[in-house]
Amino acid sequence: MNSNPHIEYDEDVLLLEETIDVRDLIVYNDDHNTFDHVIKTLVDVCGHQPEQAEQCTLLIHYKGQCTVKHGSYDELAGMCTAIHDRGISADVI
């Protein structure tokens, strides 16, 4: 006599994943903002460390743009507005 009967399960398992639409916050080069102003903005608005902000600023200057932050649209929209308020061109893409 077997006290542990064998039970077979034939069930579909549904995996629920939360999908977040990840966007990029891009800052563009211009001819009137100084390196120091852009660096301070990235530190204040995006929470960058000074070294990270400096590297992004160099990329902005030499490449014409740089993705400075990844996240959801809701997270980045406020940062983009704050960057605009400081006279720097940026977009959430």
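No experiment lies behind these values; they were computed from the predicted model shown.
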Close side-chain approach of Leu59 and Gln65, heavy atoms under 4.5 Å
no
When clusters are formed by joining ILVMFWY residues with side-chain heavy atoms under 4.5 Å apart, either directly or through shared neighbours, do Val68 and Val92 land in the same one?
yes
Donor-acceptor pair, Asn33 side chain versus Gly87 backbone, under 3.5 Å?
yes
Calculate, to the nearest 0.5 Å, the distance between atoms CD1 and CD belonging to Ile39 and Glu51 respectively.
10.0 Å
As an exercise, state the distance from CD of Glu54 to CG of Asp36, rounded to the nearest 0.5 Å.
9.0 Å
Can you name the nearest heavy-atom pair linking Val43 to Ala53, along with the distance?
CG2-CB, 3.8 Å
Report the distance from atom CG of Asp74 to atom CZ of Arg23, rounding to the nearest 0.5 Å.
9.5 Å
Would Thr67 and Leu25 satisfy side chain to side chain contact (heavy atoms under 4.5 Å, CB included), going step by step from the backbone distance to the final call?
CA-CA 6 Å; Thr67 300; Leu25 175 57; 6.0 Å; no
Check: Asp91 side chain, Ile93 main-chain N or O, donor-acceptor pair, under 3.5 Å:
no
Are His48 and Cys56 close enough that some pair of their side-chain heavy atoms sits under 4.5 Å apart?
yes
Any donor-acceptor pair under 3.5 Å from Gln55 side chain to Gln52 backbone
no
Closest non-hydrogen atom pair between Ala90 and Cys80, with its separation:
O-SG, 3.6 Å
Heavy atoms of Asp24 and His70 approach each other most closely as OD1-ND1, 2.5 Å
Check whether Val27 and Tyr73 end up in the same hydrophobic cluster, where Ile, Leu, Val, Met, Phe, Trp and Tyr are linked by side-chain heavy atoms less than 4.5 Å apart.
yes
Within-4.5 Å side-chain heavy-atom neighbours: Val38 and His61:
no
Are Arg86 and Val45 close enough that some pair of their side-chain heavy atoms sits under 4.5 Å apart?
yes
Heavy-atom side-chain proximity of Phe35 to Leu58 below 4.5 angstrom
yes
How many angstroms lie between CD1 in Ile88 and OG1 in Thr41, if you round to the nearest 0.5 Å?
3.5 Å
Can you give me the closest heavy-atom contact between Ile60 and Asn29, atom names plus distance?
O-CB, 3.2 Å
When you measure from the side chain of Lys69 to the backbone of Cys46, do you find a donor-acceptor pair of N or O atoms at a distance under 3.5 Å?
yes
